[in-house]
Amino acid sequence: MADTNRTIASTETAACGSCTRCSTGPLTRLGVHIGSWDFVIALAGNPNTGKSTLFNALTGLRQHVGNWPGKTVARAEGGLTFNEKRYKLIDLPGTYSLLSASADEEVARDFLLFGRPDVTIVVTDATCLERNLGLVLQVLEITDRVVIALNLMDEARRRGIEVDARSLSRDLGVPVVPTAARRGAGIRELLSAVEEVALGAYPARRRHLRYTDRALETAVRSLIAQIEALFPGLPNAEWVALRLLEGDESILRAVQDGTLGKLAQGGAPAGAAPLEAN
Amino acid sequence: MAEVNTQRLLETAERLRAEIGTELHDRLSEAIYADAARIAERAVVRAGEERRLSWDILLDRLLTSRAFGFPIMLLLLTATFWITIAGANVPSALLGQLTQVTLYGWLHQAANAVNAPWWLSGLLIDGVYLAMAWVFSVMLPPMAIFFPLFTLLEDFGYLPRVAFNLDRLFKRAGAHGKQSLTMMMGWGCNAAGVVSTRIIDSPRERLIAILTNNFSICNGRWPTLILMGTIFIGATAPPALASFYAAASVVTVAVLGIVFTLLVSAFLSRTWLRGEASHFSLELPPYRPPRILQTLYTSLIDRTLIVLKRAMIMAAPAGAVIWLISNVTIGGTSVAGHLVALLNPIGLLIGLNGVILLAYIVAIPANEIIIPTILMLTLNLARSSLAQQGVMLEMEDGQIYEVLTRHGGWTLLTAVNLMLFSLLHNPCSTTLLTIWQETRSRRWTAVAALLPLTIGFGATLLTATIARLMGWA
Amino acid sequence: MMDDEEMTLNLLPLNSPATVTRLTCQGADRRRMFDLGILPGARIAAVSRSPLGDPTAYRVRGAVIALRREQAEQIFVAPAAPQTVGQERGGAGRDG
């Protein structure tokens, strides 16, 4: 696949991705030829927010995107270099929340929680931000290495919706970058933000859960201790503790059948199927 | 040791859960959404939202309206196939002329020039090359038109509306509402359709969706339907309406596929896969103006060419097999002749013939090669029975009709039943493998193969019997 | 909308904005509703009905979500005053 190895000069030319004329600039799309990498980026978001379009814009791959929720059911992988750093990008199935139920959503949840991505890009739909923020806040509970792509900005503008990215960034404590992936707009800015977070240069503020309830806090603490003893190295023990307290069936199952133990050892999350390289 | 600790952890969690109260999840979720609402409130400046929303809603009203919802669905489907059939006719004929006459002649000349042994040039040119050439000319033009059109509808956001319109029927059939989405994915490729059932969270409903995905006509089968519709059904209409008749016949089979999806789902959900309907919610995304040039480009490169490549790869060995069984003789008759004679009684009973059944056995790896296989077998058998030398070459639609009716003894019933059997037979081997991977069950994989095959034999037997009783065939 | 009494969502006429008051579903179903942003306090309106009468599409938090009657019956809403009276006509004939 020679055409996936093309280089583009700026975000404006990202839209004409099929040519190979522009050969300077910091972004090289590597398609499926990732090789080794410096950082792993996970691409998460609600269904139908344009994750796959963004994935394509970033990697130069042409994963088919359709306008319906549930289009991506397995995770896809691609690569890119930006400012001499190599990134492996993982496009996850769309999910409304981390409390998943279906097989495709579980792929996304397991990777975000236990796949240890260096940076998570949460793709949001600027036209219905409020609902998208549910997932954003859940992701922020487990990591602060997050960049928000405020996608579909062109569509929002067409509908007369204006989103103040700076206010959002201030409230969330992580970078928020307006993008319009269909036109390739905002890609370079997004990557700059990803780079900053990956290198630890962004002063992120972790949104810790605030326990207003003393009993809950004590309960979570005691469960965390047990979980960490049982599954050493498991990231996000606090999240697991909360789900156990809620009686979340899929997590109870994962504890019982040993899935959680495997995830703790850093194995690839279950159910993950690689994209077929065309 | 680990089990003991796991048990202890779960017990602790349960005890603490009782202490804290069962509304914890509600409290946490509500806190998150309250936060989300507060943050969104600060960040979003809304203006003119109502105006543009009403445009989307107006369109939804029309596309899902009681009066127009279903007619528009049929109209769009028919228009898609009409454009495909009308547009593919001439390029198909040109490609056929180019690959099966011109190039084919050159290849034989070249083979003669280098004194290639007859069996080698036969195997490679009359077998491998000809099968690939047929797949190429029969598949490329309709796929190159159909895929972009379908992708435009998909990118526009029409598919979820179809699911929305059809959901009541799926509910009655005891199926999940998202099964209509996986069904439409199957219209591209059944293997992809089976994988897409992962969006259904209830295992029972997911299994129903997997087992019935085969009733979605896939890209390997559209060309068979389009060809049969064009040369047999379209030919019965006045010339001006021929493409429309052809398109309508293809749509009829596709709709019949939906009917079988519903019937078999209803059967499964009342017998082996009984259970409660699970939660259903479906987002209807905003309509997006499709980007036509990009769609043309990507659907041509990603779908058409990939599908074509797969078909050609499958066609090459199939062509070799066809040539071999047509030319290796046992007791004076070719292996193909023996096999066809063996299958003929069953084939003719169900309004098909032995060649078609043999073609479906050869084509288990890929439905794409059905038509070339049928044509090559029919020609080879006709040739050997007439003891003629040289293959009949020109394969425009008209000639295909000649070959099938004169040498193959086809009637309108054969064509109609081939269309039915194309809908109702076992999934290709790729799809079966995918079903096994997704279910990890030999039993359900076997059901997925045998159920449609049984229905196919039953349905074609029924139409053949009716046709005979009515004196049509 | 003469009164503002609580009713289940499936009975809400098209284009009459309402506010979610409570959900009677439990467990995973309840969670799914929350995931869609359907929880007490959310504003919701029915925007279109399937040609066969069910499911119905609802606008909630900027998105349009289709729910079957079984799901809608588990959501209680209190109708709010209609924002635009003119919009109501569109749904009047299809409300069966």
Check your understanding: How long is the gap from CD on Glu246(A) to CG on Leu28(B), to the nearest 0.5 Å?
Key -> 5.0 Å

Practice item. To the nearest 0.5 angstrom, please state how far the CG atom of Asp171(A) sits from the CZ atom of Arg38(B). Key: 7.0 Å

Study note, to complete from the structure: Sorted by chain and residue number, the ring-ring contact (aromatic ring centres under 6.0 Å, His included) partners of Phe146(B) (sequence neighbours excluded) come out as Phe81(B), Phe150(B), Trp222(B)

Review point. Distance from Leu223(A) atom CG to Leu10(B) atom CG, nearest 0.5 Å?
Key: 9.5 Å

**Study point:** CA sep, side-chain torsions, deciding dist, call: Glu130(A), Val44(B), side chain to side chain contact (heavy atoms under 4.5 Å, CB included)
**Key:** CA-CA 9 Å; Glu130(A) 182 179 341; Val44(B) 178; over 6 Å; no

Practice item. Check Ala36(B) against Gly134(A) and note the closest heavy-atom contact, atom names and distance. Key: CB-N, 4.2 Å

Review point. Under 6.0 Å from the CD atom of Gln437(B), do we count more than 12 heavy atoms belonging to anything else shown?
Key: yes

**Study point:** From Glu106(A) atom CD to Arg198(B) atom CZ, the distance as rounded to the nearest 0.5 Å
**Key:** 11.5 Å

Check your understanding: Could you state the interatomic distance from OG1 (Thr12(B)) to CG (Leu245(A)), rounded to the nearest 0.5 Å?
Key -> 10.0 Å

Exercise for review: Go through the structure and list residues passing side chain to side chain donor-acceptor pair (under 3.5 Å) with Arg131(A), not counting sequence neighbours.
Suggested key: Glu283(B)

Check your understanding: What part of Arg243(A) gets closer than 4.5 Å to chain B, counting heavy atoms only: side chain, backbone, both or neither?
Key -> side chain

Review point. So Leu9(B) and Leu244(A), side chain to side chain contact (heavy atoms under 4.5 Å, CB included) or not? Walk me through it.
Key: CA-CA 9 Å; Leu9(B) 171 65; Leu244(A) 288 179; 4.1 Å; yes

**Study point:** Under 4.5 Å from a heavy atom of chain B, the part of Thr218(A) involved
**Key:** neither

Exercise for review: Enter the distance from Ile32(B):CD1 to Leu135(A):CG here, rounded to the nearest 0.5 Å.
Suggested key: 9.5 Å

Point to revise | Step-by-step side chain to side chain contact (heavy atoms under 4.5 Å, CB included) determination, Arg288(B) to Arg182(A) | key: CA-CA 11 Å; Arg288(B) 297 202 171 115; Arg182(A) 292 231 298 173; 4.2 Å; yes

